[in-house]
*Asks:* 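I'd like to ask some things about the structure below.
These figures come from a predicted structure and were not determined experimentally.
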Amino acid sequence: MDGGARNRVKLWLRAEKSFGLSVVALTPDDARPPATESGAADECAVEDCGEATTAAPEPRAPVVLPPTAAGGGGPYGATDLFAPAAEQPAFGARPLTADQKRERLVALDENEVRGCTKCRLCETRTQTVFGEGDGGAKIFIIGEGPGENEDLTGRPFVGRAGEMLNKWIAAMGLRREQVYIANIVKCRPPGNRVPAPDEVATCTPYLQRQLEIVRPKVIVTLGLPSAKYMLQSNSTMGRLRGQWHEWRGIKLMPTFHPAYVLRSYTNEVRAAVWDDLKKVMGEVGLPLPKQKTPS
């Protein structure tokens, strides 16, 4: 198994353990996180665009191996968020009705996410930030993690970056309530730092279940970190954005984070975002407006 595949398996194992599967411990040396390319120098780690002031902590050892990883479903498991995009199966279950989607999203939030203590981020949060929007949305927007404003309100993208995102959504001819918005992690990392790999691995099963319930036509990732997590790619934002990718049978379009656009408010950057959004609009059947940029 190559190094990249091994690292993806380790992340999956941490997530599986956090959801209560029986385990076999690996050695602490095997539990060390892989050295990762920062890749985020031009992107904010959290929604309020606060600069990361502390490095992500070491993940807690030992990492664990569920017996199911040894056979059946491949090395990543049948529903592994971290498998390479080409190896992820499309959702096979029949889509839910609007009422079923609403009920299951509420139940997931109230019964599991709000009281979650599966990783260290629960120790410093004010509120969890589950996500919000239309359970039947065609467009599902994913950021990386809550910032200070989101932590205080329990809602995603409510700071300055959220105001920018609202303008983008309006430029597409939609209201915020007509899309679904969530994050890779549901709790604010202290000091607005980048979430640690084990925190991401523990929290992303919630995101995957949201995606399975909503079953959007298009996923839009905001910023390099969320694109990297969804696509398991080490490519730069310049190479990822503007191109269609796929996650479990759903088309995925990476674009710049609104916080980055606020810091780099140039015609070039704004035009790039608008180009990405127009591709999304075309995919979901929205009419294309004549304006050159969304804001």
*Asks:* Kindly indicate whether a cation-pi arrangement holds for Lys186 with Tyr206, taking the cut-offs as under 6.0 Å to the six-membered ring centre and within 45° of the axis.
*Replies:*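 No cation-pi geometry.
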*Asks:* In this structure, would Phe140 and Val106 fall into the same cluster of hydrophobic residues linked by side-chain contacts under 4.5 Å?
*Replies:*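 Unlinked, Phe140 and Val106 end up in two clusters.
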*Asks:* Taking the side chain as every heavy atom from C-beta outward, state whether Lys217 and Ile139 have any pair of such atoms under 4.5 Å apart.
*Replies:*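 Not in contact.
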*Asks:* Apply the test side chain to side chain contact (heavy atoms under 4.5 Å, CB included) to residues Val200 and Asp198: give CA-CA distance (whole Å), side-chain angles for both, the deciding distance (0.1 Å), then the verdict.
*Replies:* CA-CA 5 Å; Val200 172; Asp198 60 322; over 6 Å; no
*Asks:* Going by salt bridge (Lys or Arg N to Asp or Glu O under 4.0 Å), name the residues that satisfy it together with Lys138, two or more places apart in sequence or in a different chain.
*Replies:*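 Checked Lys138 against salt bridge (Lys or Arg N to Asp or Glu O under 4.0 Å); zero matches.
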*Asks:* Quick one: side chain to side chain donor-acceptor pair (under 3.5 Å) partners of Arg114, sequence neighbours excluded?
*Replies:*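 Partners of Arg114 by the side chain to side chain donor-acceptor pair (under 3.5 Å) criterion, ordered by chain and then number, come out as Asp109.
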*Asks:* Name the residue from Asn183, Val129, Asn149 that meets the side-chain contact (heavy atoms from CB on, under 4.5 Å) definition with Phe157.
*Replies:*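 In the set Asn183, Val129, Asn149, the residue that makes a side-chain contact (heavy atoms from CB on, under 4.5 Å) with Phe157 is Asn183.
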*Asks:* Please check if the distance between the ring centroids of Trp168 and Phe256 is under 6.0 Å.
*Replies:*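 No - the distance between ring centres of Trp168 and Phe256 does not fall below the 6.0 Å cut-off.
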*Asks:* Among all residues two or more places apart in sequence or in another chain, which pass the salt bridge (Lys or Arg N to Asp or Glu O under 4.0 Å) test with Asp134?
*Replies:*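 Result, salt bridge (Lys or Arg N to Asp or Glu O under 4.0 Å) vs Asp134: none returned.
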*Asks:* Do any N or O atoms from the side chain of Arg125 and from the backbone of Cys187 form a donor-acceptor pair under 3.5 angstrom?
*Replies:*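 No; zero donor-acceptor contacts below 3.5 Å.
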*Asks:* Looking only at side chains, do Glu199 and Thr202 share a donor and an acceptor under 3.5 Å apart?
*Replies:*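 No, no side-chain donor-acceptor contact under 3.5 Å.
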*Asks:* Can you sort out the partners of Arg102 under side chain to side chain donor-acceptor pair (under 3.5 Å), two or more places apart, ordered by chain and number?
*Replies:*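 For Arg102, the residues satisfying side chain to side chain donor-acceptor pair (under 3.5 Å) (neighbours in sequence not counted) are Asp99.
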*Asks:* Does any part of the side chain of Tyr229, heavy atoms only, come nearer than 4.5 Å to the side chain of Ile142, both counted from C-beta?
*Replies:*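 No. Closest side-chain heavy atoms not under 4.5 Å.
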*Asks:* Got a sec, which residues hit side-chain contact (heavy atoms from CB on, under 4.5 Å) with Arg239, two or more places apart in sequence or on another chain?
*Replies:*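 Residues passing side-chain contact (heavy atoms from CB on, under 4.5 Å) with Arg239: Ser235, Thr236.
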*Asks:* Just by modelled atom types, is the Ala272 backbone N or O under 3.5 Å from a matching donor or acceptor in the Arg241 side chain?
*Replies:*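 Yes, Arg241 side chain to Ala272 backbone: donor-acceptor pair under 3.5 Å.
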*Asks:* Would you call Pro254 and Leu231 a side-chain contact if the rule is heavy atoms closer than 4.5 Å?
*Replies:*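 Side chain of Pro254 against side chain of Leu231, heavy atoms only: contact under 4.5 Å found.
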*Asks:* Flag the pair Arg176 and Glu132 as a salt bridge only when some basic side-chain nitrogen lies within less than 4.0 angstrom of an acidic carboxylate oxygen.
*Replies:*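 Yes.
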*Asks:* Determine yes or no for a side-chain-to-main-chain donor-acceptor pair under 3.5 angstrom, with Arg215 supplying the side chain and Glu212 the backbone.
*Replies:*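 Checking the backbone N and O of Glu212 against the side chain of Arg215, a donor-acceptor pair under 3.5 Å is found.
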*Asks:* Any donor and acceptor pair, going by atom type alone, linking the side chain of Gln100 with main-chain N or O of Thr97 inside 3.5 Å?
*Replies:*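 Side chain of Gln100 to backbone of Thr97, a donor-acceptor pair under 3.5 Å: yes, one is there.
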*Asks:* Could you give me the CA-CA distance, side-chain angles and deciding distance for Gln127 and Leu152, then say whether side chain to side chain contact (heavy atoms under 4.5 Å, CB included) is met?
*Replies:* CA-CA 7 Å; Gln127 298 187 67; Leu152 293 173; 5.6 Å; no
*Asks:* Hey, does the side chain of Ser226 reach the backbone of Gly223 with a donor-acceptor pair shorter than 3.5 angstrom?
*Replies:*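 Between the backbone of Gly223 and the side chain of Ser226 there is a qualifying donor-acceptor contact (under 3.5 Å).
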*Asks:* Would you indicate whether the side-chain heavy atoms of Pro258 and Leu222 approach each other to under 4.5 Å?
*Replies:*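 Leu222 vs Pro258: side chains touch.
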*Asks:* Can you name the salt bridge (Lys or Arg N to Asp or Glu O under 4.0 Å) partners of Lys101, sequence neighbours left out?
*Replies:*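 Checked Lys101 against salt bridge (Lys or Arg N to Asp or Glu O under 4.0 Å); zero matches.
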*Asks:* Is it true that Glu150 and Arg188 have a side-chain N and a carboxylate O under 4.0 angstrom from each other?
*Replies:*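 So Glu150 does not pair with Arg188 through a salt bridge.
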*Asks:* Passes side chain to side chain contact (heavy atoms under 4.5 Å, CB included), Ile219 versus Lys251? Steps please.
*Replies:* CA-CA 6 Å; Ile219 296 169; Lys251 284 199 167 184; over 6 Å; no
*Asks:* Going through the checks in order, is the side chain to side chain contact (heavy atoms under 4.5 Å, CB included) test met by Ile181 and Ile169?
*Replies:* CA-CA 11 Å; Ile181 306 171; Ile169 295 170; 4.3 Å; yes
